[in-house]
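I have placed the structure first, in the form of structure tokens, so that the comments after it can refer back to it.
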Amino acid sequence: MNRINLSPAATPPSVTTETLTGSEILIRSLIAEGVNTLFGYPGGAIMPVFDALYDHKEEIKHILVRHEQGALHAAQGYARVSEKVGVALVTSGPGATNAITGITDAMMDSTPLVVISGQVASSLLGTDAFQEADVIGVTQPITKWVYQVRRAEDIAWAVSRAFHIAASGRPGPVVLDIAKDAQINKCAYSYQKTTFLRSYQPVPEVEEDQIRMAAALINSAKKPLALVGQGVLLGRAEEELREFLEKAGIPFGSTILGLSAMPTDHHLNCGMLGMHGNVAPNIKTNECDVLIAIGMRFDDRVTGDLKTYARQAKVIHFDIDLAEINKNVKCTVKVVGDAKKTLPLVTAQLDKQSHSEWLSEFKPYEQKEYDCIIRNELYPEKGEIKMGEVVNKITEATHNNAICVTDVGQHQMMSTRYFKYNQSRSMVTSGGLGTMGFGLPAGIGAKYGAPDRTVCIFAGDGGLQMTIQEFGTIMEYGVDVKIILLNNNYLGMVRQWQELFFDERYSETHLKNPDFVKIADAYNIRGRKVTLREELDDAIDEMLEHKGAYLLEVVVETKGMVYPMIPSGGCVTNIMLGNGYTL
């Protein structure tokens with residue numbers, strides 16, 4: 001991602017209205033940007049801002065999390081489902097450094113955030129003062145823009161630019177580090193939204209010749225395959241994508257973050273790409289003649305070994321970020337720009353096609369995967385409860401309309417494989433960074449971002465305990481989230497790798513766990529533990545009918561495996577089906 005460098009010189013708007021403290025200016029600036037919800041945790045260096053916030057409770061709802069990492073993940077979940085910029089407010093020193101994981105996660109997954117950290121007074125900068133940390137130095141590599149505000153006069157200026165940069169082009173996190181004296185001092189205030197920065201071009205100009213070349217290549221293709229990434233959702237280009245795919249009859253697979261851009265049951269949807277993705281789109285990646293990547297970055301979990309990836313195909317890459325073009329996979333045609341604009345331009349030049357013979361080639365692989373893996377995972381007749389079985393029952397019980405939020409691990413792969421979607425922006429997960437502990441706070445944020453939708457949080461016993469303190473946030477605000485704990489008493493994904501690649505040497509992956517239902521009860525969260533398959537349907541109904549937060553702990557098979565699986569760094573066609581099955 002291209003990062004932003006702006007001159008530190010600040011020029012406040014020329015029109016003044018009132019003389020206010022920097023803290024009051026900050027709150028009014030957030031309100032001017034449409035912020036009505038933020039997530040944070042107070043401390044000494046940010047106390048003046050929280051004091052100003054006290055007078056604006058009707059305009060901005062502040063959600064007091066129990067750890068700064070939780071604030072960041074909650075802001076991420078909020079941003080991902082609401083199409084707004086998520087905002088987090090933390091103090092200096094450990095408050096800011098506790099936010100680093102969430103900032104990095106947001107950078108990797110292109111999530112628009114504005115993170116405001118308090119800082120010691122400007123006269124103390126560089127003196128190793130109490131709770132001072134070099135926030136600029138630490139966050140510069142993991143943000144689109146970071147700026148330290150040392151004067152009250154610069155706060156409105158900085159906030160305006162921060163929101164513009166975070167939300168425009170390829171989104172990402174921005175950090176404003178505000179010195180305490182800037183929060184306290186007074187100056188004249190007025191606010192001017194930023195719509196243009198001379199040094200910043202978030203959306204490249206569309207090249208008409210590339211549009212023509214892309215359309216011609218697609219029209220001549222006999223076996224086209226599209227790869228749908230999160231850029232479609234970030235660009236709000238779902239309808240444009242549908243028209244593009246349907247006109248040309250192009251089958252597609254989705255990255256994890258691209259899931260829900262199109263309905264699961266769309267006739268051209270061939271499933272998920274990548275290491276634990278569906279067999280057909282992975283196999284056909286190395287058989288297609290034209291590969292069309294739309295808003296995705298060719299992550300290694302999707303491509304496997306680049307030396308063997310789609311070598312036979314001509315590649316068309318749609319992306320808003322020039323830095324992604326030819327970074328991992330060399331393209332034949334680059335279509336740079338906003339997908340909401342570029343897709344219709346190409347669609348207008350496409351021939352109407354069906355590619356029915358090509359589509360029929362996917363069916364045998366789909367049937368093979370169903371017979372070898374899916375049937376037993378979703379509809380087992382005996383044995384321990386399976387993760388996929390639970391996910392499938394819940395998506396069916398919510399009529400495929402819920403938001404699926406996941407933590408990271410085996411349950412994440414099972415959730416992304418088997419949860420189904422009718423609506424856009426229905427999958428919230430940590431993709432690029434793979435952050436354990438993401439799920440619970442992100443689910444809280446997602447509920448605030450989409451209060452009228454059911455939010456189902458799938459977590460493992462390892463990841464849940466990394467941010468389990470956020471049960472306190474759920475209790476305090478009565479957040480109606482449904483938490484599904486798929487408990488196998490292992491760090492399951494690491495254990496799976498140990499079984500496959502480390503001779504079953506299960507080093508430090510078995511977990512001795514607490515009574516999660518009792519812990520939930522201590523936070524006034526209703527809970528139930530299920531160990532028998534016969535209890536599962538009733539427990540799911542009880543969870544969904546309950547008004548308020550609910551923890552459903554399901555004891556699943558201890559040593560379950562996520563298949564299919566492409567070994568790390570392997571060819572996308574080197575697919576393990578498990579249980580002795582082969583392609």
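- Side-chain contact of Asn326 with Lys334: a donor-acceptor pair under 3.5 Å is absent, judged by distance alone.
- A centroid separation of 6.0 Å or more is found between the aromatic rings of His411 and Phe458.
- Not less than 6.0 angstrom separates the ring centroid of Phe196 from the ring centroid of His164.
- Using modelled atom types and a 3.5 Å distance limit, the side chains of Thr395 and Tyr421 yield no donor-acceptor pair.
- The residue from Ile540, Ile483, Leu486 that alone fulfils the side-chain contact (heavy atoms from CB on, under 4.5 Å) condition with Leu552 is Ile540.
- When only modelled atom types and interatomic distance are considered, Gln410 and Gln496 share a side-chain donor-acceptor pair under 3.5 Å.
- Defined by atom type and a distance below 3.5 Å, a donor-acceptor pair is missing between the side-chain atoms of Glu396 and Asn400.
- Judged by distance alone, the side chains of Thr573 and Asn286 never bring a donor and an acceptor atom under 3.5 Å apart.
- Identified under the ring pair (Phe, Tyr, Trp, His ring centres under 6.0 Å) test for residues 257-297, with sequence neighbours left out: none.
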Donor-acceptor list for residues 291-301 side chains, cut-off 3.5 Å, not counting sequence neighbours:
| unit_1 | atom_1 | unit_2 | atom_2 | d |
| --- | --- | --- | --- | --- |
| Arg297 | NH1 | Asp299 | OD1 | 3.4 |
| Arg297 | NH2 | Asp299 | OD1 | 3.4 |
| Asp299 | OD2 | Arg301 | N | 2.8 |

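- Ring geometry for Tyr448 versus Phe39: interplanar angle over 60°, hence perpendicular rather than tilted (30 to 60°).
- Residue pairs meeting the side-chain hydrogen bond (donor to acceptor under 3.5 Å, both in side chains) criterion with at least one partner in residues 356-366, sequence neighbours excluded, are Lys284-Glu361.
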